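Here's the structure, in structure tokens; my notes come after.
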Amino acid sequence: MHKGFAPGDYALIESIPEALSVTDNVCSSVNVGSTKTGINMDAVAKMGRIIKAAAEETKDRDCIGAAKLVVFCNAPEDNPFMAGAFHGTGEPDCVINVGVSGPGVVRAALSKAGDCNITEVADIVKRTAFKITRAGQLVAQEAAKGSVFLLVYSTFHSHQHLLSATLLHIFLRKWVLSSAVLTAQLLALLSSMTLLRKVELWLHLMLVVFQVHLFLLLRTLV
Amino acid sequence: MINSHDILETISMIDNENLDVRTITMGISLLDCIDSDIDKACDKIYDKICRYAKDLVKTGEDISKDYGIPIIHKRISVTPIALVAAACPTKILLNLLKLSTKRLKLSV
């Protein structure tokens, strides 16, 4: 409502404090201004009172209602960050957004680089950000595949009771992750994942066979 | 090409340098749920969000378990409710919010 109020906007804004107080996981956001059109000061005045009302409605819960309410200027239409996330009108029917946190990674990369000029710093940050982003992309694509992958993975998770097998599993999956991060060749990634999991399953089977043989041998000796 | 240094570097990023996935956010358009009947609108919203996001948390947890990379939050975002509720009489806007969010217990 950065230019004015539509008929339902007042009622919607009035309902925000109660909606935030009766729900646990709901967040809300309102856009009251933009660089192009300026700030709707009526909306600003209204939202000031709404924020106070949201805090009062949840005063028995550390005023959490106000923390779940965002007032924007220049709200982007594809914002996935809470509490102001919303799905803009220009977006497709359904999208997956992944937020990756990697300040520790950038810090470590810069500390390893030692003394360098601003161009080198920019280059290190750019290369590190690329690797971090690739990890996020991999997770997003896996999430988008959803239940198809769950079916495949559940087959292999049933063997995780063996310590050695679990360690091997962790190593293999991290190797696969690195493949994705560093090459971004998804077809190659999928085929390598399948191959690695076949190897892992084969090792599980061989381990079980070995344990059976060992048991029989010990039994014979005793 | 993949080399051992790059592989170890990525493992180190996850294990030692706090690389994690903060959120997976599923954005769902509710524009096709617009209806002048408040109950129908609520039903459409409920059905659509459940259809798209019913396995979101489970999928996130399984990806996290499988790749060893922490995924902290799983959540959804939707079309601004002001647009979806524009077709309803203004006095029942609150009902739309409360009905849909209470039934879902999700972020809207």
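This one's a predicted model, so the numbers in the text were calculated from it and none came from an experiment. Chain A is the first sequence line, chain B the second, and so forth, proteins listed ahead of strands; every chain is numbered from 1. The figures here come from the full heavy-atom set of this structure, side chains too, leaving out hydrogens, waters and symmetry mates.
- Among the candidates A:V100, A:N97, A:I96, A:T89, the residue making the largest number of heavy-atom pairs closer than 4.5 Å to chain B is A:N97.
- Looking at B:K44 and B:D35, a side-chain N of the basic residue comes within less than 4.0 Å of a carboxylate O on the acidic one, giving a salt bridge.
- Contact of B:K48 with chain A is made through the side chain alone, with heavy-atom distances under 4.5 Å.
- Most heavy-atom pairs under 4.5 Å with chain A, from the set B:V21, B:I24, B:I28: that is B:I28.
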*Could you please spell out the steps behind the side-chain hydrogen bond (donor to acceptor under 3.5 Å, both in side chains) verdict for A:N74 and A:S34?*
CA-CA 5 Å; A:N74 291 322; A:S34 72; 4.6 Å; no
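- The residues B:D62 and B:K58 are annotated as salt-bridged, a charged nitrogen and a carboxylate oxygen being separated by less than 4.0 angstrom.
- Within the 4.5 angstrom heavy-atom criterion, no atom of B:I72 approaches chain A.
- For the pair A:K46 and A:D42, the salt-bridge criterion is not met [side-chain N within less than 4.0 Å of a carboxylate O].
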*Decide side-chain contact (heavy atoms from CB on, under 4.5 Å) for A:T128 and A:R107; before the verdict, give the C-alpha distance in whole Å, the side-chain angles of both, and the deciding distance to 0.1 Å.*
CA-CA 10 Å; A:T128 311; A:R107 183 182 175 281; over 6 Å; no
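- Counting heavy-atom pairs closer than 4.5 Å to chain B, the top residue among A:V105, A:V106, A:V98, A:V30 is A:V105.
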